[in-house]
Protein chains: 2
Amino acid sequence: MLTQSLNTKAINTPISGSKVAVSIDPVADRLGAITGHAGLVVTEFSYRKDEEIYGEDEPAEYVYQVVTGAVRSYKLLSDGRRQIGAFHLPGDVFGLESGASHRLAAEAIIDTTVRLVKRASLEKASGTDVQVARKLWTMTASELRHAENHMLLLGRKTAMERVATFLLEMDRRLAVAGMMALPMCRRDIGDYLGLTLETVSRALSQLQAQGILGFSGARQIVLRNRQRLHNLDA
Amino acid sequence: MLTQSLNTKAINTPISGSKVAVSIDPVADRLGAITGHAGLVVTEFSYRKDEEIYGEDEPAEYVYQVVTGAVRSYKLLSDGRRQIGAFHLPGDVFGLESGASHRLAAEAIIDTTVRLVKRASLEKASGTDVQVARKLWTMTASELRHAENHMLLLGRKTAMERVATFLLEMDRRLAVAGMMALPMCRRDIGDYLGLTLETVSRALSQLQAQGILGFSGARQIVLRNRQRLHNLDA
DNA sequence: CGAGACATTGATGTCTGTCAAGCTGTGTGG
DNA sequence: CCACACAGCTTGACAGACATCAATGTCTCG
């Protein structure tokens, strides 16, 4: 480990690393919108549940896109308190930095496959292709928008409002056939919402008791009344 | 008012609007780093204390830089709860959007003078000048970095840790001769830190009692022991 | 110098955290 | 295929940090 320099650091302990360039689906593919133009090398990689993808303050060598699975980006305080800044779901790009290093760590929540491209090659492409440069900016701006909404949630919303916001966000992002399968545990949800896992659990139970949602297993949720959920969300 | 369309909307009720193009100091001037290259028209404008500069979801027609004064950017919940996302101090650029509208409102905290350029002209310049495009991205990424740190504060830090973080941030950004003159009131600080003004006041009093800081008037603060303040900040 | 906005301080309340016990359901191995 | 084991979840009792409500103090500026 000590002999491994940061610059030549291998991608963290993958299950399987296929180093072949893969073809990118051009439809509604946000990373593809960039790579399509520049013809960059795109690699696929997989991480097991709870595996670290990169650490906080690590050099930002790659930009990632979730293919399947789910990823959490987070910061830690010295005593272990954790704030998850975002969940990344299939299609989402993460790990994009304009500076030299990652400002949040990233871990696979469940077994996850990602596409990745070298940051340096994107930087290079942005120097010649204005479309690429524009895309990098809008992706960062999109993350900023999410962070600004989340600051409002963390600073000013009640526990119930936070959970309602969370459910509506997840419903929007990963509902299929009116049901959502949450990839993350209650602790992850708590660390995302600035709550404890117990408070999250109590809020969900209360929503169930009110008939606003139904469970089929703790992580399979059906929203039965989005309007009432919206009303609970300030 | 009703006859005034949004697209032709005048800049909000300035004290004085000098529409002359002004020369920009090229040294350590972040807006200048852009405008220097593109030769854009830069205007100066002034706002009085508590005057709105733009509202949430208003079309983002201009990008601003504080010359003198201070600005708060914030979001509101329907019942009036407010989260201030950032304070903008002399030199800071604010109101930069990659989308069509402002996602936070902005108000002058005290009498404030800003420089401004049309967003559209920056967009245009970024299409031909790769340096401009790069700068827009890094400025947005810099805001994102701040927001990520602030999410950690809002989600996971105690009241005392938040106030310590705030003091160190303000010390870094506006201390002159070892003293800082806060432009904002206790309520603004509370709304930035996700606390009430009373909790902020109590924390500051406690820090004074411990000799970590001294006051000369409620908004004139001297940090007497930055190390101990750092220790209080998780 | 006076008035009003702003800040401090105190008393009390409450929401969420903490600690603890038990339950569920998922995956594994006999 | 069933049963066990364990991680994850729920629920309860209690505690505590911060909010709320209220009164007083102080600085600023007109």
Side-chain angles (χ1 to χ4, degrees), chain A residues 48-50 70 72 77 79-83 109-111 153-167 181-210 213-221 232 234, chain B residues 48-50 70 72 77 79-83 109-111 153-167 181-210 213-221 232 234:
Chain A
R48 276 169 300 182
K49 177 173 152 67
D50 295 328
R72 55 182 171 249
L77 293 175
D79 63 358
R81 279 173 288 172
R82 182 178 66 158
Q83 179 61 46
I109 295 173
I110 53 179
D111 290 353
L153 178 150
L154 293 170
R156 288 304 180 210
K157 289 188 184 180
T158 66
M160 185 54 82
E161 288 166 350
R162 294 178 201 207
V163 171
T165 304
F166 170 77
L167 288 170
L182 297 177
M184 72 291 284
C185 66
R186 297 293 188 265
R187 178 174 296 280
D188 286 342
I189 299 172
D191 285 352
Y192 179 59
L193 300 179
L195 300 170
T196 60
L197 65 94
E198 292 93 335
T199 299
V200 171
S201 180
R202 277 185 247 270
L204 291 173
S205 296
Q206 199 178 327
L207 292 171
Q208 182 187 30
Q210 294 175 231
L213 59 80
F215 287 105
S216 48
R219 299 192 188 180
Q220 288 277 340
I221 298 181
L232 289 177
Chain B
R48 276 167 302 182
K49 177 172 154 66
D50 296 327
R72 56 184 170 248
L77 293 175
D79 63 358
R81 280 173 287 173
R82 182 179 66 159
Q83 180 61 45
I109 296 173
I110 53 178
D111 290 353
L153 178 150
L154 293 170
R156 288 304 181 212
K157 289 188 183 179
T158 66
M160 186 54 83
E161 288 167 350
R162 295 179 200 206
V163 171
T165 303
F166 171 77
L167 288 169
L182 297 177
M184 74 288 286
C185 66
R186 296 293 188 264
R187 176 174 298 278
D188 286 342
I189 298 172
D191 284 352
Y192 179 57
L193 299 178
L195 300 170
T196 59
L197 65 93
E198 292 93 335
T199 298
V200 171
S201 180
R202 278 185 247 271
L204 291 172
S205 296
Q206 199 178 327
L207 291 171
Q208 181 186 31
Q210 294 175 231
L213 60 80
F215 286 105
S216 49
R219 299 192 189 181
Q220 288 275 341
I221 297 182
L232 289 178

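Small disclaimer: the values here were computed from a predicted structure and weren't measured. The chains referred to below are lettered A, B, ... by the order of the sequence lines, with proteins before strands, and numbering in each begins at 1.
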Enquirer: Checking side-chain contact (heavy atoms from CB on, under 4.5 Å) against B/Phe166, which of B/Leu195, B/Val200, B/Leu182 comes through?
Expert: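 Among the candidates, only B/Leu182 passes.
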
Enquirer: For B/Gly194, report the nucleic acid contact type (base, sugar-phosphate, nothing); a contact means any heavy atom under 4.0 Å.
Expert: sugar-phosphate

Enquirer: Any heavy-atom pair between the side chains of B/Glu161 and B/Arg156 that's under 4.5 Å?
Expert: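 No, too far: nothing below the 4.5 Å cut-off.
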
Enquirer: Measure the shortest side-chain to side-chain distance between B/Arg202 and B/Thr196 over non-hydrogen atoms and say whether it is less than 4.5 angstrom.
Expert: no

Enquirer: A/Arg162 versus A/Thr199: any side-chain heavy-atom pair under 4.5 Å?
Expert: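 Not touching, per the 4.5 Å side-chain cut-off.
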
Enquirer: From CD of B/Gln206 over to P of D/dC18, roughly how many Å is that when rounded to an integer?
Expert: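 About 10 Å, once rounded to whole Å.
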
Enquirer: When you look at A/Leu204 and A/Leu167, which way does the side chain to side chain contact (heavy atoms under 4.5 Å, CB included) test go after all the steps?
Expert: CA-CA 9 Å; A/Leu204 291 173; A/Leu167 288 170; 3.9 Å; yes

Enquirer: Taking the side chain as every heavy atom from C-beta outward, state whether A/Met184 and A/Arg72 have any atom pair closer than 4.5 Å.
Expert: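 A side-chain contact is absent here, since even the closest heavy-atom pair is not under 4.5 Å.
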
Enquirer: Using the C1' atoms of the five pairs at each end, what is the angle between the end axes of the helix from C/dC1-D/dG30 to C/dG30-D/dC1, to 10°?
Expert: 40°

Enquirer: Can you tell me if CZ on A/Arg219 sees more than 12 non-hydrogen neighbours from other groups inside 6.0 Å?
Expert: yes

Enquirer: For a 4.0 angstrom threshold against heavy atoms of chain A, report the outermost contacting nucleotides of DNA chain C in 5' to 3' order.
Expert: C/dT16 to C/dC19

Enquirer: Would you mind reading off the distance between B/Leu193 atom CG and D/dA19 atom C1', rounded to a whole angstrom?
Expert: 15 Å

Enquirer: Specify the separation, in whole Å, of atom CG of A/Leu207 and atom C1' of D/dT10.
Expert: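 In whole Å, D/dT10 C1' and A/Leu207 CG are 15 Å from each other.
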
Enquirer: Looking only at side-chain atoms of B/Ala159, point me to the closest of D/dC9, D/dT20, D/dC18.
Expert: D/dC18

Enquirer: Answer with base, sugar-phosphate or nothing: what part of the nucleic acid does B/Ser205 contact at a heavy-atom distance below 4.0 Å?
Expert: sugar-phosphate

Enquirer: Does the base of D/dC21 carry an N or O that pairs as donor and acceptor with the side chain of B/Glu198 under 3.5 Å?
Expert: yes

Enquirer: Over how many whole Å does the gap from A/Ile110 atom CD1 to D/dA7 atom P extend?
Expert: 19 Å

Enquirer: Between D/dC27 atom C1' and B/Leu182 atom CG, what is the distance in whole Å?
Expert: 15 Å

Enquirer: Mapping A/Leu195 and B/Arg202 to their closest nucleotides on DNA chain C, which lands nearer the 5' end?
Expert: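 The residue closer to the strand's 5' end, by nearest nucleotide, is B/Arg202.
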
Enquirer: Does any part of the side chain of B/Met160, heavy atoms only, come nearer than 4.5 Å to the side chain of B/Leu207, both counted from C-beta?
Expert: yes

Enquirer: Whole angstrom is fine here: how far is it from CG in B/Leu204 over to P in D/dC18?
Expert: 14 Å

Enquirer: Could you give the CG-to-C1' distance, from B/Asp191 to D/dA19, as a whole number of Å?
Expert: 13 Å

Enquirer: Would you say a side-chain N or O of A/Ser201 is under 4.0 Å from OP1 or OP2 of D/dC9?
Expert: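 No, because none of the side-chain N or O atoms of A/Ser201 sits under 4.0 Å from OP1 or OP2 of D/dC9.
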
Enquirer: If you look at every heavy atom in A/Gly155 and B/Gln83, which pair is closest and at what distance?
Expert: CA-OE1, 3.3 Å

Enquirer: B/Leu197 CG to D/dA19 P: how many Å, rounded?
Expert: 10 Å

